[in-house]
Amino acid sequence: AALRETAHDGRAQALEDVLLQADVGLKTAQALVARAGAADDPVEAIRRELRALLGEPSEWTFPTRPGPLVVMIVGVTGSGKTTTIGKLARRWTNEGKRVLIGAADTFRAAATEQVAVWAERAGADLVRAGEGADPGAVAYDATSAGVARGMDVVLIDTAGRLQTARPLMDELSKVRRAMNKARSGAPDEVWLVLDGTVGQNAISQALAFHEATALTGVIVTKLDGTAKGGAVVAVAHQTGLPIRWLGLGERAEDLRPFDRDAFVDAILG
Amino acid sequence: VVSRGFRSARLALQGKAELTDAALEPALREVRASLLEADVGVSVVADFLERVRVRSLGEIVPIKGPGGTDLRVTPQDWFIKACYDELVELMGPSGRALRLDGKPTVILLVGLQGSGKTTTAGKLARWLASQGRKPLLVAADVHRPAAADQLVVLGRRIQVPVFSIKGMNALQLATMGVAQARNVGRDVVIIDTAGRLAIDGPLMEEVRSIRNAVDPHETLFVTDAMIGQDAVATAAEFDRQLDFTGFVMTKLDGDARGGAALSIKAVTGKPILFLGQGESLDKLEAFRPEGLAQRILG
Ligand SMILES: Nc1nc2c(ncn2[C@@H]2O[C@H](COP(=O)(O)OP(=O)(O)OP(=O)(O)O)[C@@H](O)[C@H]2O)c(=O)[nH]1
Ligand SMILES: Nc1nc2c(ncn2[C@@H]2O[C@H](COP(=O)(O)OP(=O)(O)OP(=O)(O)O)[C@@H](O)[C@H]2O)c(=O)[nH]1
Ligand SMILES: [Mg+2]
Ligand SMILES: [Mg+2]
């Protein structure tokens, strides 16, 4: 009974619970309910507020300037980076683009074998090195090859790492610099892959990865399950980063451009 | 009202306070915020706090030391201590030993995509080998590209054999793997399976059929420490379909609070057996409740 004080009545508490269960987080949920609680239609008010927190949708289109577009994929262990690279590669080869994947995860067991399967599935070139090779060197080689071969896209896969591992975050900055050496201005995009089932740790991940590699966007995976991915709302709001893609399964075609309004509707059930 | 004021004044003179609803209110809210921030399930938080509130209500606690010295302990501090004790009790006891009396013992690993099953399989194999057991790893993930390669590499690192045959389905691999262990005298079989969603009918059917066929001594649900509210529904569904015997929480070397551990224990009643504390195969610890209770409570 004491806890009801955070919400003005049973209906407000129910709204807060729906938001909390979607991983929106307590501070955000309380702010949303407080602002919308007095409205005639609180659900609609919250819907509008959630959309606002996620920012104006900015459609990402393939750049028209001369390539290659260099994309670096980063994120914590197991979030879905390698699979997402396979999906992006497939999408872009389907669009007639020439794609090259750089297997710069030289650390994890069979990481290169895994991305090699995806490169084959997508019809993409692959640049790889032996296990234990320097990831910066692979990223450099892949970026250079992308330029030399006139590719349209270079996708760089990196090893998963927890944002609290300082030396690994420093390594990521180093890999980024190597890409820039291979082609000035690279990488054009640095996308953080967030596991859709993640809770409040998403914010810590986004802030740390943003600090280490100046992110340009976010990809949220595994939203084909029961998780709602609500932690992404605070991520978008606090970083101002756009959400670019959603991963909705384990097959090459299970990738969709982020649809803000549909995402918000799913949170509100 | 007069008598209540009288009572609290008298208690104050004795350096004591009563844990009333009013006294507990701010502490309840603070702990609720902390647990939710730690990703403990909403309903689990509500049940947990109600439990501790009811237990604490009416308790008389010392807030001043003998001779009126200030203990610097408030009624709220007492409540938080009660929460910690309750958390330790709820999540405990310490990780019980694995059931290893089979010929061979069969351990089946299950869980969502990317939760750390394959790595945990390697860790368990290393753990058991260092205890003088003869483990056999079975690569029964036929879905993820290079999943078998990954397990083979791990097995090589710790000199544990890996049973992996291209072209077999998951059920065949699991059953033949157990048969193989019997044939060559390996006494523990650790079966790695593909990540899957609890709502994926065909894949849940696949892992149910494996469980029915090999009758594991342990079915371990492997979960990532950073999972949020989804842990409640997912663990409940995995448990409903597979009746797992315990769970493992991985990636605790990060700063995720790991509140899902409380959710899963509360919702399924199944014990936490191991904690994954890093990517290398030596980073596995037997579960002890105190550390995780502190981490979750914040
Ligand atoms: N259901 C579902 N599973 C996914 C999705 N994206 C990736 N996965 C699965 O998640 C698991 C991990 O994916 P990976 O691509 O290996 O993840 P990663 O981030 O590269 O992992 P590390 O390199 O080890 O850090 C695999 O089993 C994938 O099939 C998704 O959108 N939905
Ligand atoms: N930091 C850290 N990383 C871990 C831990 N356990 C596993 N990982 C990493 O997390 C990623 C996923 O681990 P996997 O063992 O491939 O996970 P999985 O459950 O087998 O994945 P799927 O088979 O795709 O479902 C890998 O990069 C592992 O090295 C841990 O305790 N700490
Ligand atoms: Mg990967
Ligand atoms: Mg695996």
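In what follows, chains carry the letters A, B, and so on, assigned in the order in which the sequence lines appear, proteins first and then strands, with residues in each chain numbered from 1. The analysis underlying the following values was restricted to heavy atoms, covering all of them including side chains, and did not include hydrogens, waters or symmetry mates.
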Contacts satisfying side chain to side chain donor-acceptor pair (under 3.5 Å) that involve residues 158-167 of chain A (not counting sequence neighbours) are A:Arg161-A:Glu171, A:Gln163-A:Asn201, A:Gln163-A:Ser204, A:Gln163-B:Asp255, A:Arg166-A:Asp170
Report task. Indicate whether the side chain of B:His143 and that of B:Glu206 have a donor and an acceptor atom separated by less than 3.5 Å. Result -> yes
If one checks every heavy atom of A:Leu26 against chain B at 4.5 Å, the contacting part turns out to be side chain
If one checks every heavy atom of B:Leu36 against chain A at 4.5 Å, the contacting part turns out to be both
| task | Would you mind checking if A:Lys87 and A:Glu253 are paired as a salt bridge, meaning a charged N to carboxylate O distance below 4.0 Å? | result | no
Contact list (residues 71-85 of chain A to chain B, heavy-atom gap under 4.5 Å, by number) returns A:Val76, A:Thr77, A:Gly78
Ranking A:Thr112, A:Val117, A:Leu20 by heavy-atom pairs under 4.5 Å to chain B gives rank one to A:Leu20
Per-residue tally against chain B (heavy atom, under 4.5 Å) across A:Arg121, A:Lys27, A:Gln21 peaks at A:Gln21
Taken in chain and number order and not counting sequence neighbours, the residues that satisfy side chain to side chain donor-acceptor pair (under 3.5 Å) with B:Arg55 are B:Glu86
Pair count under 4.5 Å, heavy atoms only, with chain A: among B:Val232, B:Ile227, B:Asp149, B:Val153, highest is B:Ile227
When the 4.5 angstrom heavy-atom criterion is applied to B:Asp200 and chain A, the contacting part is neither
Chain B shares the most heavy-atom pairs under 4.5 Å, among A:Val115, A:Asp23, A:Asp195, with A:Asp23
Among residues 224-237 of chain A, residues within the sub-4.5 Å heavy-atom range of chain B, in order of number, are A:Asp224, A:Gly225, A:Thr226, A:Ala227
The interface call for B:Arg157 against chain A, heavy-atom contacts under 4.5 Å, is side chain
